[in-house]
A.B. asks: 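What follows is a single structure, and I will ask about it in a moment.
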Amino acid sequence: TTHFAFCCNVAILPEPEGNESILRNIQQTLRKDGSAVVVVPSLESALYSSWRLVEWYKKEGVDTHEIPDSELSYFNENRDIAQGVVFIDGVPTKHYLETELEVLFSSIDLTIDTIDRLEYDWSTEFASPPKWMGEPYPWDWLIECRKK
């Protein structure tokens, strides 16, 4: 067992059971009161980035219905978005809601001390973002937790 674990974007499988298993393994490797820092993609940020993309097109005079489907290919179907699965370059990747993390970590006996945004530049989302696109920036969730 260990006092500390750090995991960045490892619980990102499209199947919820696999991610729960990954997080449970983290919990099992920690000593009592051991702590972990876990970074996972944010579903709120993915939705926000999509909204900013639509805003960008509108500023360039493109109607929402004229945006190429390939630009909005993050979400294949309603079932995917309901599960937090976002397609990044065609790869299904689990993204998390902040409240979902609270429920999930509690269910595997990890106490969350803090959940913070780990922000990134817009260039992580778009090849050439316009200069006007500033804060707030896209983010992942950074969770500091400990074993109960």
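Source: prediction; values computed, not measured.
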A.B. asks: Working note: Glu55 + Trp51, criterion side-chain hydrogen bond (donor to acceptor under 3.5 Å, both in side chains); need CA distance, chi angles, decisive distance, verdict.
C.D. replies: CA-CA 6 Å; Glu55 181 184 38; Trp51 178 80; over 6 Å; no
A.B. asks: Between CZ of Arg146 and CZ of Phe4, what distance do you get to the nearest 0.5 Å?
C.D. replies: 14.5 Å
A.B. asks: Within a strict 4.5 Å, meaning less than it, do heavy atoms of the Pro138 and Thr124 side chains meet?
C.D. replies: yes
A.B. asks: Can you list everything that forms a ring pair (Phe, Tyr, Trp, His ring centres under 6.0 Å) with Tyr48? Sequence neighbours excluded, please.
C.D. replies: Trp122
A.B. asks: So which heavy atom on Leu13 is nearest to which on Asn19, and how close?
C.D. replies: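 Looks like O-ND2, 2.6 Å.
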A.B. asks: Could you list the residues that satisfy side-chain contact (heavy atoms from CB on, under 4.5 Å) with Asn25, not counting sequence neighbours?
C.D. replies: Ser21, Gln28
A.B. asks: Looking at Glu44 and Glu98, would you say the former's side chain and the latter's main chain have a donor-acceptor pair under 3.5 Å?
C.D. replies: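 Side chain of Glu44 to backbone of Glu98, a donor-acceptor pair under 3.5 Å: yes, one is there.
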A.B. asks: Spell out, yes or no, whether Ile12 and Val38 are grouped together once hydrophobic residues are joined by side-chain heavy atoms under 4.5 Å, including indirect joins.
C.D. replies: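 No: no chain of side-chain contacts under 4.5 Å links Ile12 to Val38.
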A.B. asks: Using every non-hydrogen atom in the two residues, find where Val10 and Cys7 come nearest and quote the distance to one decimal.
C.D. replies: CG2-CB, 3.7 Å
A.B. asks: If a pair satisfies salt bridge (Lys or Arg N to Asp or Glu O under 4.0 Å) and one of its residues is in residues 4-13, list it, with sequence neighbours excluded.
C.D. replies: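 Salt bridge (Lys or Arg N to Asp or Glu O under 4.0 Å) check on residues 4-13 returns no pairs.
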A.B. asks: With a 4.5 Å cut-off on side-chain heavy-atom distances among I, L, V, M, F, W and Y, is there a chain of contacts connecting Tyr137 to Val40?
C.D. replies: yes
A.B. asks: How long is the straight-line distance from CD1 of Ile115 back to CG of Asp113, given to the nearest 0.5 Å?
C.D. replies: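 Separation between the atoms: 10.5 Å.
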A.B. asks: Leu23 and Leu97: same hydrophobic cluster, using ILVMFWY side-chain contacts below 4.5 Å?
C.D. replies: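 Looking at the clustering, Leu97 is in the same group as Leu23.
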A.B. asks: Taking C-beta and beyond as the side chain, do Thr64 and Tyr57 meet within less than 4.5 Å on heavy atoms?
C.D. replies: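 Of all side-chain heavy-atom pairs linking Tyr57 with Thr64, none is under 4.5 Å.
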A.B. asks: Decide whether Leu72 and Trp56 are clustered together by the hydrophobic rule: side chain heavy atoms of Ile, Leu, Val, Met, Phe, Trp, Tyr closer than 4.5 Å, transitively.
C.D. replies: yes
A.B. asks: List the atom of Ser73, the atom of Phe87, and the distance in Å for their closest heavy-atom pair.
C.D. replies: O-CB, 3.5 Å
A.B. asks: In sequence, state the C-alpha distance, the side-chain angles, and the governing distance for His95 and Leu47, and then conclude on side chain to side chain contact (heavy atoms under 4.5 Å, CB included).
C.D. replies: CA-CA 10 Å; His95 287 58; Leu47 292 167; over 6 Å; no
A.B. asks: Honestly curious: do Leu118 and Ile26 fall in one hydrophobic cluster under the side-chain, below-4.5 Å linking rule?
C.D. replies: no
A.B. asks: Is the shortest heavy-atom distance from the side chain of Asp80 to the side chain of Pro92 under 4.5 Å?
C.D. replies: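 Side chain of Asp80 against side chain of Pro92, heavy atoms only: no contact under 4.5 Å found.
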A.B. asks: Glu102 and Ile112: which non-hydrogen atoms are nearest, and at how many Å?
C.D. replies: CA-CD1, 3.8 Å
A.B. asks: Could you tell me if the side chain of Ile81 sits less than 4.5 Å from the side chain of Leu43, heavy atoms only?
C.D. replies: yes
A.B. asks: What are the two closest non-hydrogen atoms of Ser42 and Asp140, and how far apart are they?
C.D. replies: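 Closest approach of Ser42 to Asp140: N-OD1, 4.0 Å.
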A.B. asks: Which residues pass the side-chain hydrogen bond (donor to acceptor under 3.5 Å, both in side chains) test with Glu66, not counting sequence neighbours?
C.D. replies: none
A.B. asks: Rounded at 0.5 Å granularity, tell me how far CG in Leu101 sits from CG in Leu110.
C.D. replies: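 Between atom CG of Leu101 and atom CG of Leu110 there are 11.5 Å.
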A.B. asks: What is the distance from atom CD1 of Ile88 to atom OG1 of Thr93, rounded to the nearest 0.5 Å?
C.D. replies: 5.5 Å
A.B. asks: Taking atom NZ of Lys58 as the centre, does the number of heavy atoms from other residues, nucleotides or ligands within less than 6.0 Å exceed 12?
C.D. replies: no
A.B. asks: Closest heavy-atom contact between Phe105 and Cys145?
C.D. replies: CE2-SG, 3.7 Å
A.B. asks: Residues in side-chain contact (heavy atoms from CB on, under 4.5 Å) with Thr29, at least two apart?
C.D. replies: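 In terms of side-chain contact (heavy atoms from CB on, under 4.5 Å), with neighbours along the sequence ignored, Thr29 is linked to Thr2.
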A.B. asks: Checking salt bridge (charged side-chain N to carboxylate O under 4.0 Å, His left out) between Lys94 and each of Glu20, Glu100, Glu17, which is the one that passes?
C.D. replies: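 Going through Glu20, Glu100, Glu17 one by one, the salt bridge (charged side-chain N to carboxylate O under 4.0 Å, His left out) with Lys94 is satisfied by Glu100 alone.
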A.B. asks: Could you measure the distance from the CD atom of Gln27 to the NZ atom of Lys147? Nearest 0.5 Å is fine.
C.D. replies: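 If I round to the nearest 0.5 Å, the distance is 4.5 Å.
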A.B. asks: Is the backbone N or O of Val103 less than 3.5 Å from a side-chain atom of Ser106, with the two atoms forming a donor-acceptor pair by type?
C.D. replies: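 No: the side chain of Ser106 does not pair with the backbone of Val103.
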A.B. asks: Go through the structure and list residues passing side-chain contact (heavy atoms from CB on, under 4.5 Å) with Arg117, not counting sequence neighbours.
C.D. replies: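 Listed in chain order: Glu119, Pro136, Trp139, Trp141.
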A.B. asks: Decide yes or no for Leu53 and Glu125: does some side-chain heavy atom of the first lie under 4.5 Å from some side-chain heavy atom of the second?
C.D. replies: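 Sidechains of Glu125 and Leu53: no contact.
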